[in-house]
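Below: one structure, written as structure tokens.
All values derive from a computational prediction rather than experimental measurement. Naming: A, B, ... by sequence-line order, numbering from 1 per chain.
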Amino acid sequence: MKIGYPCVNETLDCSAATTFRLASYNDERLVTTVTNNLTCLQRILEYNVQHGLLFFRIGSGIVPFGSHTVNTYPWQTEFAPQFRAIGDYIKTEQMRVSFHPDQFVVLNSLDPGIVERSIAELVYQGSMLDLMGLDSTAKLQIHVGGLYGDRDVAIERFITTYRTLPEAVQVRLVVENDDRLFSLRDCLRVHEAVGIPILFDNFHHECLNHEEPMREALRLAAGTWHPTHDGVLMMDYSSQQLGERKGKHTFSLDENRFREFLTHLNGLDVDMMLEIKDKEASALRAVAILRELGLAAPVPLATSV
DNA sequence: CGCAGTCAAGGGAGC
DNA sequence: GCTCCCTTGACTGCG
């Protein structure tokens with residue numbers, strides 16, 4: 001089992017998400033920013049390896065305006081060596097990475113322009129994984145999208161659009177159950193139509209479900225991942241922040257709830273992304289718990305302190 | 001220099 | 001039809 005956290009490392013003094021305003025776009029600014037982001041990404045990955053965190057979600061803004069028409073700079077070729085080096089490091093250390101395109105990516109939108117821009121964004125993020133030389137176990141996770149008043153039609157439109165995607169995107173795309181609109185059951189319908197794996201979010205499932213027990217839900221989601229093409233089930237883990245609106249992620253890992261959740265795995269291997277506000281701090285506590293339970297690799301001798 | 005308003009992009013709930 | 005929510009950091013202009 002690999003444990004990870006999304007996008008931002010709060011310990012290091014660098015950011016892999018530096019950007020600039022669209023209005024101030026120019027190629028020189030782009031080159032400087034991408035160079036900075038890739039340098040920082042490498043540092044974050046090294047930190048992660050040293051701390052036993054072998055799963056990481058890379059932020060969407062590594063290449064600012066990566067799918068925007070304003071950006072005509074050939075970053076794919078100009079930065080190929082840097083992407084390749086990062087990919088080599090990921091493979092050498094047997095890490096797993098993913099991207100989570102944000103809420104603007106809506107494949108089932110009624111607006112063809114939004115669909116077009118969404119596909120461009122998926123192509124951009126997928127191409128970074130291609131440039132790193134990573135196989136199709138490195139994923140792009142999105143939600144089904146909008147409801148538009150008719151669940152069946154909305155799901156059908158997602159399926160129709162999925163079938164038009166470039167193969168390079170199709171093999172990496174996974175769909176995540178959300179907390180308000182599309183449940184695990186809805187995602188299973190999409191899976192049955194096109195074979196897309198389901199990224200399971202335990203917290204979203206607690207918010208929106210059809211009474212499937214957690215253990216059964218995990219089993220259903222895991223069954224959508226092809227062992228070699230897709231790898232083991234990726235999941236997002238979080239829990240409710242007490243006293244806040246339903247769906248609000250906890251600020252730091254609730255260890256008792258985490259231990260309780262682990263019992264539902266029932267021997268299932270998963271790679272777990274901790275969607276928790278304090279990032280690597282909680283991820284490190286999760287790794288410590290897993291080591292105590294014999295579910296994660298021990299501290300590497302060379303880097304143990 | 002510090003701070004508050006703003007930033008490419010969508011959709012839904014509540015009123 | 002309008003406001004606020006998600007979710008969050010980082011940029012930028014202004015005082």
(Q) In this structure, how many angstroms lie between the C1' atom of dC6(C) and the NE2 atom of His100(A), rounded? (A) 11 Å

Q) dA9(B) pairs with which nucleotide, Watson-Crick or G-U wobble, both distances below 3.5 Å? A) none

Q.
Strictly by Watson-Crick or wobble contacts shorter than 3.5 Å, is anything paired with dT7(C), and which nucleotide is it?
A. none

(Q) Is it the case that the ring center of Tyr237(A) lies less than 6.0 angstrom away from the ring center of Phe258(A)? (A) yes

**Q.** OP1 or OP2 of dA10(C) under 4.0 Å from side-chain N/O of Ser15(A)
**A.** yes

(Q) Just verifying a value: how many Å separate Lys139(A) NZ and Arg172(A) CZ, rounded to the nearest 0.5 Å? (A) 8.0 Å

Q) Under 4.0 Å: is that the gap between some side-chain N or O of Lys277(A) and OP1 or OP2 of dT7(C)? A) no

Q. Expressed in whole Å, how much space separates the P atoms belonging to dT3(C) and dT6(B)?
A. 14 Å

Q. Looking at Tyr124(A) versus Phe65(A), is the centre-to-centre ring distance below 6.0 Å?
A. no

Q. What nucleic acid atoms does Lys248(A) come within less than 4.0 Å of, heavy atoms only: base, sugar-phosphate, or nothing?
A. sugar-phosphate

Q) Is it true that Glu292(A) and Arg259(A) have a side-chain N and a carboxylate O under 4.0 angstrom from each other? A) yes

Q: Heavy atoms under 4.0 Å is the rule here; annotate nucleotides 5-15 of chain B 5' to 3' with B where the base is hit, S where only the sugar-phosphate is, and - elsewhere.
A: BBBBBBSS---

Q. Mind checking who dG1(C) pairs with, Watson-Crick or G-U wobble, both distances under 3.5 Å?
A. dC15(B)

Q) Starting at CG of Asn36(A) and ending at P of dA10(C), how long is that distance when rounded to a whole Å? A) 11 Å

Q.
Between Asp135(A) and Lys91(A), does any side-chain N to carboxylate O distance fall below 4.0 Å?
A. no

Q) Over how many whole Å does the gap from Asn9(A) atom CG to dA10(C) atom P extend? A) 11 Å

Q: Compute the centroid of each ring, for Phe182(A) and then for His143(A), and state whether the two points are separated by less than 6.0 Å.
A: no

Q) For the pair made of CD in Glu10(A) and P in dA10(C), what is the distance, rounded to whole Å? A) 10 Å

Q: Could you work out the separation of dC5(C) and dG5(B) based on their P atoms and round it to a whole Å?
A: 15 Å

